[in-house]
Amino acid sequence: MKKLNRLMTAALVITCSVSMVSYGGTTAYLKQNAKESSAAAKSTSAAGSAGESRTATKADKKALADAGRKTRDLTSVEVQTAVDFGLKVGDESVKLLMIVKAKGQDMGKSSMKYLTSTHMEMAGQSMDTTAFYTNGYYYLDSDGEKLKLEVEASDVMEVFESNTNAGWLDGSDSFKDLKVRTEKSGSKVYSFSCDPSSAGSLIRNFNDQLGLSDSNIDMKLLYGTVYVDSSGYVTRESLDLKMDFEAGGQTASTDMKIEIKFTNPGKAVTVTLPSTAGYY
């Protein structure tokens, strides 16, 4: 499991070793999503009518946790994750934009097919990676460099769940100022901030993915919005995360914006995989 997780995050970690970066391309996409999320989350009227925010009740918290579990347990899935990542160490800084598109069929089963395409931009350059899982093997093609790994379906599922975040919605006790509003469509929009002193599980998930489990993490801010449709599925998650951490004797500061969108959750997804020829 650790080998697979490190493989999937290696490009991110390597990227963060360079200095000043300029980039474009997907910036407009992320800015628009951030604008929409901010507008939704800051509508904090105490009235409970459609379109107006109110303080979440215990029933609301349960509904949010149930939506996370229901979405996590999907056997067919199509999801896109966009990440705007900034890292500063001393006088050096780096910025990275990454978009990951994933489709899964028969998730968690022996017949599972799982396909991802990743696009990253940094320093005026871009990198594209395709990865897929089938018949007990995970295949990775990074700009023509091909690798094949024997892994368990459960390992792939664990990485998928951590990358889409739906599972952590069980930990709504870590949220403060949890608000909810109901849209005319029947969808619910939850907004929250996170108390660093009670966000242990969220911090651990972040640490594990970037190999920082032994580092000293100081969470400065976690602000988020979660959209749940009338069928009880998570359709979108927006997170704004700021942290300081110590690694290699240095203190680094991070600023990360994450936007996750599920396409038609609950609907069947058919995955067509690339050829396995040429992978070793």
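Hydrogens, waters and symmetry mates play no part in the numbers below; they use all other heavy atoms, side chains included. Because the structure is a prediction, the values reported are computed rather than measured.
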Rounded to the nearest 0.5 Å, what's the gap from [atom1] on [X] to [atom2] on [Y]? Could you check?
{"X": "Arg236", "Y": "Asp229", "atom1": "CZ", "atom2": "CG", "result": "13.5 Å"}
{"X": "Phe85", "Y": "Lys95", "atom1": "CZ", "atom2": "NZ", "result": "10.0 Å"}
{"X": "Ser191", "Y": "Asp177", "atom1": "OG", "atom2": "CG", "result": "8.5 Å"}
{"X": "Ile99", "Y": "Gln80", "atom1": "CD1", "atom2": "CD", "result": "5.5 Å"}
{"X": "Glu145", "Y": "Thr129", "atom1": "CD", "atom2": "OG1", "result": "11.0 Å"}
{"X": "Met157", "Y": "Arg72", "atom1": "CE", "atom2": "CZ", "result": "9.0 Å"}

Looking at [X] and [Y], what are the two nearest heavy atoms and their distance?
{"X": "Glu259", "Y": "Ser238", "result": "OE1-OG, 2.6 Å"}
{"X": "Met107", "Y": "Val77", "result": "CG-CG1, 4.1 Å"}
{"X": "Tyr138", "Y": "Ala131", "result": "OH-CB, 3.2 Å"}
{"X": "Val234", "Y": "Pro265", "result": "O-CG, 4.0 Å"}
{"X": "Gly266", "Y": "Leu74", "result": "N-CD2, 3.7 Å"}

Could you please spell out the steps behind the side-chain contact (heavy atoms from CB on, under 4.5 Å) verdict for Thr81 and Ile258?
-> CA-CA 7 Å; Thr81 302; Ile258 305 172; 4.1 Å; yes
Please confirm whether the backbone N or O of [Y] pairs with a side-chain atom of [X], one donor and one acceptor, at under 3.5 Å?
{"X": "Thr71", "Y": "Ala67", "result": "yes"}
{"X": "Thr254", "Y": "Leu87", "result": "no"}
{"X": "Thr57", "Y": "Asp60", "result": "yes"}

[X] [atom1]: over 12 foreign heavy atoms closer than 6.0 Å:
{"X": "Asn135", "atom1": "CG", "result": "no"}
{"X": "Asp91", "atom1": "CG", "result": "no"}
{"X": "Lys267", "atom1": "NZ", "result": "no"}

Are Val151 and Val156 close enough, and set up right, to give a side-chain contact (heavy atoms from CB on, under 4.5 Å), and what steps lead you there?
-> CA-CA 8 Å; Val151 299; Val156 178; 3.9 Å; yes
What do the steps show when you test Glu121 against Ser126 for side-chain hydrogen bond (donor to acceptor under 3.5 Å, both in side chains), and what is the final call?
-> CA-CA 4 Å; Glu121 296 182 5; Ser126 64; over 6 Å; no
Quick one: are [X] and [Y] in side-chain contact, heavy atoms under 4.5 Å?
{"X": "Met120", "Y": "Leu96", "value": "yes"}
{"X": "Thr55", "Y": "Leu178", "value": "no"}
{"X": "Leu64", "Y": "Val226", "value": "yes"}
{"X": "Thr225", "Y": "Val189", "value": "yes"}
{"X": "Tyr223", "Y": "Leu239", "value": "no"}

Suppose we screen for side chain to side chain contact (heavy atoms under 4.5 Å, CB included). Which residues come up paired with [X], at least two apart in sequence or across chains?
{"X": "Ala153", "result": "Met112, Tyr133"}
{"X": "Ser230", "result": "none"}
{"X": "Ser253", "result": "Asp244"}
{"X": "Asp106", "result": "Lys109, Ser111"}

Could you pull out all residues at least two apart from Asp255 that satisfy salt bridge (Lys or Arg N to Asp or Glu O under 4.0 Å)?
->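 In terms of salt bridge (Lys or Arg N to Asp or Glu O under 4.0 Å), with neighbours along the sequence ignored, Asp255 is linked to Lys242, Lys257.
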Electrostatic pair Asp73:Arg69 at N-O distance under 4.0 angstrom =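 Looking at Asp73 and Arg69, the cut-off is not met.
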Donor + acceptor pair across side chains of Gln105, Ser76 (<3.5 Å) =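 No, no side-chain donor-acceptor contact under 3.5 Å.
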Between Thr182 and Lys188, is a side-chain hydrogen bond (donor to acceptor under 3.5 Å, both in side chains) present by the stated rule, with each step listed?
-> CA-CA 5 Å; Thr182 303; Lys188 292 185 181 296; 3.0 Å; yes
Would you sort out whether Glu52 and Arg181 count as a side-chain contact (heavy atoms from CB on, under 4.5 Å), showing the intermediate values?
-> CA-CA 5 Å; Glu52 298 181 329; Arg181 66 180 175 86; 5.8 Å; no
For Leu273, the hydrophobic cluster (side chain heavy atoms closer than 4.5 Å, chained through members) also holds Leu115, Phe132, Tyr137, Tyr139, Val269, Val271, Tyr279
Tyr233 six-ring face occupied by Lys70 cation (under 6.0 Å, within 45°) =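 Judged by the rule, Lys70 and Tyr233 form a cation-pi pair.
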